[in-house]
2 protein chains.
Amino acid sequence: MNGLKNFHYTHPHPAVTTDVVLFSIREARLELPLVRRTGQPFAGMWGLPGGFVGIDEDLESCALRELEHETGITGVYLEQLHTSGRPDRDPRERAISVAYCALTPADRLQIKTMNGEKEVGWFALERLPPMAFDHAEIVTMAHQRLVAKLDYSTIAFQFMPETFTLGELQTVYEIILREPLDKRNFRKRVLALDRIAATGELRRNGNHRPARLYRLKFPDKVEIIK
Amino acid sequence: MNGLKNFHYTHPHPAVTTDVVLFSIREARLELPLVRRTGQPFAGMWGLPGGFVGIDEDLESCALRELEHETGITGVYLEQLHTSGRPDRDPRERAISVAYCALTPADRLQIKTMNGEKEVGWFALERLPPMAFDHAEIVTMAHQRLVAKLDYSTIAFQFMPETFTLGELQTVYEIILREPLDKRNFRKRVLALDRIAATGELRRNGNHRPARLYRLKFPDKVEIIK
DNA sequence: AGACTTAGTGTATTCCTTACACTATGAATG
DNA sequence: CATTCATAGTGTAAGGAATACACTAAGTCT
């Protein structure tokens with residue numbers, strides 16, 4: 001805390017923050033974590049996880065640090081989304097927010113929720129609460145980006161756990177696109193990408209034929225396709 | 001100038017700048033304007049037009065203002081590109097740059113070059129000089145974005161003057177893509193977009209049949225296509 | 001009048017996308 | 001142990017989109 005120090009500039013500098021829209025697929029919905037704000041402004045309201053950029057801190061590091069600090073979530077896929085700088089977006093002082101879009105498989109969550117002092121809530125994209133600042137706009141932008149990237153990149157693979165079935169992968173696409181897909185065409189297309197490989201293992205769940213398990217060939221890479 | 005004033009904060013704030021990569025097609029090349037730096041750091045080197053964001057100034061306004069101030073160019077198409085914030089990118093102080101990608105037809109230029117004190121130079125994308133800060137990286141990103149957007153948006157139309165021929169439009173595409181296109185297929189595709197309309201006028205230049213002139217139906221709109 | 005230069009036009013083929021229905025396999029049930 | 005149940009897994013035909021390709025049109029220049 002620098003509460004007692006002062007920093008001087010010959011011209012005024014804006015505050016810079018990062019904010020993260022972290023998507024995950026939970027309970028067959030596209031959901032994201034929001035943090036209950038404790039201080040002013042917008043105290044008590046929900047907002048994106050984020051905070052001020054350290055003076056020697058990279059923007060991505062800041063986004064990841066604040067995400068971990070406020071939600072306990074680490075190891076996500078992260079890409080820069082947009083920088084919002086409307087002069088009136090923060091009533092206290094000029095604040096510029098560099099927004100990031102992040103994706104993570106649902107099985108990486110819940111390891112350490114409620115580690116900070118702040119309340120964290122998961123919200124379905126369809127049922128978002130009123131949000132602080134211009135965070136609603138940022139979420140909209142992130143969603144548009146996600147949908148757009150679905151069909152020219154391998155971004156959806158970032159929702160998948162270590163191993164997964166083709167049925168599960170198809171379900172992820174269907175949830176994001178909000179429409180059913182043809183099973184045979186989906187498999188044909190996704191296998192033709194040559195980005196996933198069968199592990200040789202099977203998954204046995206319900207009273208039905210077991211499904212082959214697959215894994216990503218390049219787990220952390222999101223590629224432009226076609 | 002605020003040389004005598006001081007601004008105080010309880011925690012350090014970064015400086016925020018905007019930088020603009022403005023593409024235009026000149027002499028059958030993709031070119032962009034750079035500004036000779038006068039002050040430190042990188043004095044004497046070339047850099048993107050840009051500068052500090054005013055404390056009550058929108059980011060886009062800043063980009064447009066600095067572009068006009070340093071190069072005299074106005075009325076361009078502008079879209080946000082990327083925000084660079086590596087802590088060491090400016091040797092003086094922490095500086096975060098919001099980069100914009102801009103496009104303009106060549107006939108809007110040269111109206112008032114050299115209006116400021118700074119030297120402005122146009123450089124072919126293939127023959128860029130050494131550049132200040134991380135501006136070379138920013139230009140690379142802008143170029144990648146432009147090429148990518150060529151085939152899923154109507155962005156290339158932003159290079160065209162009020163009226164133009166299909167041959168000129170095809171040449172623009174060929175310059176950016178660095179490959180020749182089939183004339184009949186190009187016309188079929190571009191007319192099918194239904195974004196340009198014949199004016200009814202003809203253009204007579206050389207010793208050959210005159211070409212029909214077209215204009216954009218929605219001059220300022222860049223749309224996602226297909 | 002003839003040569004030159006770019007404008008302007010249509011069709012056949014190939015490739016990709018889409019639509020579509022049945023068999024396979026293990027679990028659960030009685 | 002036979003039957004039911006639920007999801008896994010597979011191929012082909014038709015339609016639509018992208019591609020390859022060559023000649024005529026019209027005005028200028030000599």
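In what follows, chains are A, B, ... by sequence order, proteins preceding strands, each numbered from 1. Since we're looking at a predicted model, the values are computed, not measured.
Side-chain atoms of A:Arg209 lie closest to D:dG9 of the nucleotides D:dG9, D:dT28, D:dA6.
Remark: C1' of C:dG8 and CG of B:Leu191 are 11 Å apart, rounded to the nearest angstrom. Atom NE2 of A:His208 and atom P of D:dC5 are 15 Å apart (whole Å). In this structure, the CZ atom of A:Arg187 is 6 Å from the C1' atom of D:dG9, given to the nearest Å. Distance, A:Asp182 CG to D:dT12 C1': 13 Å, rounded to whole Å. Whole-Å rounding puts the B:Arg212 CZ to D:dA25 C1' distance at 11 Å. One atom, CG of A:Asn185, and another, P of D:dG9, lie 16 Å apart when rounded to the nearest Å. Summarising the geometry, the separation between NZ on A:Lys183 and C1' on D:dT7 is reported as 6 Å, rounded to the nearest angstrom.
Between B:Asp194 and B:Lys217 there is a salt bridge, since a side-chain N of the basic residue sits under 4.0 Å from a carboxylate O of the acidic one. Comment: B:Glu126 engages B:Arg178 in a salt bridge, judged by a side-chain N to carboxylate O separation of less than 4.0 angstrom.
Taking for each of A:Gly167 and A:Asn207 the nucleotide of DNA chain D with the nearest heavy atom, the 5'-most of the two is the partner of A:Asn207.
At a cut-off of 3.5 angstrom, counting only N and O atoms as typed in the model, there is a donor on one side and an acceptor on the other between the side-chain of A:Lys188 and the base of D:dT12. Put simply, the side chain of A:Arg184 and the base of C:dA21 share a donor and an acceptor less than 3.5 Å apart.
Taken from CD in A:Glu168 to CG in A:Leu213, the straight-line distance is 7.5 Å, to the nearest 0.5 Å.
With sequence neighbours left out, B:Asn207 forms a side chain to side chain donor-acceptor pair (under 3.5 Å) with no residue at all.
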